[in-house]
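In what follows, chains carry the letters A, B, and so on, assigned in the order in which the sequence lines appear, proteins first and then strands, with residues in each chain numbered from 1.
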Protein chains: 2
Amino acid sequence: MVEKDTRRRTIHDVAQAAGVSISTASNALNGTGRTNAETRERVIRVAKEIGFRPNALARGLLSKRSHAIGMLTNDTYGRLTLPMAAGVSEVLVDHGLSVFLCATNNDPRLARLHLEALLDRQVDGIIFTATRLDLEPPAELAKLAIPVVYAFAEGPPETISFFPDDAQGARLAVEHLKGLGRSRILHITGPEDYLSVRIRAEAYCESFGKGAEVHYGDWSEEWGHEAIDAVFSRPGEKPDAIFCGNDEIARGVIDALRDIGITVPKDVAVVGFDNWEVISRQTRPPLTTVDMELKEIGRRAGLAILRLTQGEAVPTGITRLSCRLVVRQSCGGQAG
Amino acid sequence: MVEKDTRRRTIHDVAQAAGVSISTASNALNGTGRTNAETRERVIRVAKEIGFRPNALARGLLSKRSHAIGMLTNDTYGRLTLPMAAGVSEVLVDHGLSVFLCATNNDPRLARLHLEALLDRQVDGIIFTATRLDLEPPAELAKLAIPVVYAFAEGPPETISFFPDDAQGARLAVEHLKGLGRSRILHITGPEDYLSVRIRAEAYCESFGKGAEVHYGDWSEEWGHEAIDAVFSRPGEKPDAIFCGNDEIARGVIDALRDIGITVPKDVAVVGFDNWEVISRQTRPPLTTVDMELKEIGRRAGLAILRLTQGEAVPTGITRLSCRLVVRQSCGGQAG
DNA sequence: CTGAAAGCGCTAACAT
DNA sequence: ATGTTAGCGCTTTCAG
């Protein structure tokens, strides 16, 4: 009994089966050089028949392009990184680029380990993503010979970065509330040492004008509760709208308001930030919130890397991508 | 002015700089063959000096091992896939294996595209992960010449699969409640067509015994609300504990109980399933819940692939990994 | 239009 | 102990 040959078919097999030389087979398959239409078709047919698939390693060795990129992320794939990864992958898969996912877990040793592995594998480029804008990317990245793109992170000058436009997102929220006739809008948000927190707060202050009031805290529902309890237990005029720094805070705010008998959105309108659906769809009422379009950020980063690996130029600097307001019922919008 | 040579250093450069032949350099660096200790050290030193890093493509071409594996996942990286990916990566990175992440988004075209790309890249193995146990993995996977491991998914007979032990997890929850003196435990869970739902429900019934009562619904907070409203508005004895099919349902349950003036955990204890922290830490009181140890599933899958790629045998069949009960305050546990 | 040959960077027999 | 050589699978001059 003859053992079945389980080896992968090589271009050598194709050439032999088609009765041509290896180089002719290669030319035919890649449409390079001059090849008789007839032979070309025969070669292509044979290749399909015997299930030939070119070895990407051999190709990469020769072309010095691996058609793979690395995605380096500082966290264990939080809710920010993943939508971005989806966007990256979506853009690249149809161009034959694969993605190595490297979670560094904020550990510099791991980061270097992954980075070296990526370079050894001759990746055509690297996308660095982080969980907050003001996290310093590894300095080595800037010195690499291959293209690097920063997503949700800021690279050094002359590099390419994609950000959500936090200021525009905040304005979107405030203008929406103003348009609904709200006039005493409070901002309850996260820790002041986050860059996005400061940007959003500043845009809120500018957009709302006199009477703006920012409460910094942490990213938790509990903080939303606390803040509401504090604000509504003090004397004086009460707010008629709350713009929250993220959806978790917004959820705490909404729950706290209900607890003290205030109706959302009739008495107080609430807007969140993130559109993290497990929260924003489940608040009662569902939450109007600002979506940072993370997937789009990923897409843009992927596209940029794609262009760069093809030798095209991509403008350097920070590109701020617009946020989108997702209107649900917590502001008095239509039921839906 | 001489252009700086930005080419990557090759073993040829090392050999030249160390004044030895290429093969001696190779032997010295890899510790293969016989090499004089002195030359070996010199070669290694020189290699480090000029920043030599071996080209993984060339190595892979020769050894037919790319030291990369593919992770194929059916969803756009949901909360289930990601912890598993983290576990996989954690185990493999120190062994020099990199991971291609391929999100198929439940699209068969994408799945095949990714699979072919992985094979072209000569990956050493593939891990398939899904978002539910009873999702049929692509049939092509079983026929591959390389090792395949299924995580949170069931492969065909004679393959290797890792599952959470849903039945044990459910028993953990029920026994915990019984141990706390609860005697009228209800099970409010997800859609009956989910295998995990059926397994958990069955284990609950067996463990709780006479009087078991299962309410099937969907995976939402809303359903938790509805179910509680229905149960507490009907005549007859009321439950003193609820075992929920996931954390979202549990959150709805807790909120609904509070709405009708029932205190958790005093009057009714609640246990969830998933330990999705954005929910389970934020319920009031925080939720006692069953953790499926997804990261551990990923680790085991990664370890299995590692063994297989090294030619070691790994027992086939389904391995069910124990769940862990995370005790918070929704059952009357200690405050923490 | 086709084929022979060189070589990408590396490893592993085999000579020396 | 070290060097020479062949070759992994592929693309690409360059002769024919």
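The listed nucleotides are D/dG9, C/dG3, C/dG9; the one nearest the side chain of A/Asn27 is C/dG3. Closest to the A/Arg59 side chain, of the nucleotides D/dT11, D/dG3, D/dA1, is D/dT11. Picking from C/dA13, D/dT11, C/dA4 the nucleotide with the shortest atom distance to the side chain of A/Ser23 gives C/dA4. Taking only side-chain atoms of A/Ile11, from C-beta outward, the nucleotide of D/dC10, C/dT2, C/dC10 with the closest atom is D/dC10.
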Full working for side-chain contact (heavy atoms from CB on, under 4.5 Å) between A/Ile50 and A/Val14: CA-CA 8 Å; A/Ile50 68 175; A/Val14 176; 3.8 Å; yes
Verdict with reasoning, B/Glu49 to B/Arg45, per salt bridge (charged side-chain N to carboxylate O under 4.0 Å, His left out): CA-CA 6 Å; B/Glu49 272 173 24; B/Arg45 185 169 45 73; 3.2 Å; yes
Audit row: A/Ile126, A/Ile69, side-chain contact (heavy atoms from CB on, under 4.5 Å) steps and yes/no: CA-CA 6 Å; A/Ile126 289 182; A/Ile69 68 145; over 6 Å; no
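Looking at B/Glu140 and B/Lys143, no side-chain N of the basic residue comes within less than 4.0 Å of a carboxylate O on the acidic one, giving no salt bridge. Under a 4.0 Å N-O distance rule, the pair B/Arg109/A/Asp94 qualifies as a salt bridge.
When heavy atoms are screened at a 4.0 angstrom cut-off, B/Leu57 is found touching no nucleic acid atom at all. Looking at heavy-atom distances under 4.0 Å, B/Thr35 makes contact with sugar-phosphate atoms alone, never a base.
Side chains of A/Thr32 and A/Asn27: a donor on one and an acceptor on the other come within 3.5 Å.
DNA chain D is contacted by both B/Ala25 and A/Leu29; B/Ala25 maps to the nucleotide lying nearer its 5′ end (nearest heavy atom per residue).
Going from atom NE2 of A/His67 over to atom C1' of D/dC10 covers 13 Å, rounded to whole Å. The interatomic distance linking A/Asn30 (CG) with D/dG9 (C1') rounds to 13 Å, in whole Å. As rounded to whole Å, 13 Å separates atom P of D/dG3 from atom CD of B/Gln16. Distance, B/His12 NE2 to C/dG7 C1': 12 Å, rounded to whole Å. For A/Arg121 and C/dC10, the CZ to C1' distance is 15 Å, given to the nearest whole Å. Distance, A/Asp120 CG to C/dG9 C1': 13 Å, rounded to whole Å. For A/Ile22 and D/dT13, the CD1 to P distance is 17 Å, given to the nearest whole Å. What separates CZ of A/Arg40 from P of C/dT2 is a distance of 9 Å, to the nearest Å.
Judged by the 6.0 Å distance and 45° axis criteria, B/Arg132 is positioned over the aromatic ring of B/Tyr194.
Remark on the helix from C/dC1-D/dG16 to C/dT16-D/dA1: inter-end axis angle 50°, axes from five-pair C1' superpositions, rounded to 10°.
Using a 4.0 Å cut-off, no side-chain N or O of A/Ser26 falls inside it from OP1 or OP2 of D/dC10. At D/dG3, one or more side-chain N or O atoms of B/Ser21 fall inside 4.0 Å of OP1 or OP2 (strictly under the cut-off).
For the pair B/Arg8 (side chain) and A/Leu119 (backbone), a donor-acceptor distance under 3.5 Å is present.
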Heteroatom pairs (N/O) under 3.5 angstrom, protein to nucleotides 6-8 of chain D:
residue	atom	partner	partner atom	Å
D/dC8	O3'	B/Lys64	NZ	2.8

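At a threshold of 4.5 Å between non-hydrogen side-chain atoms, the residues B/Phe163 and B/Thr319 do not count as touching.
Exactly one of B/Glu90, B/Met84, B/Arg300 qualifies for a side-chain contact (heavy atoms from CB on, under 4.5 Å) with B/Lys295. That residue is B/Glu90.
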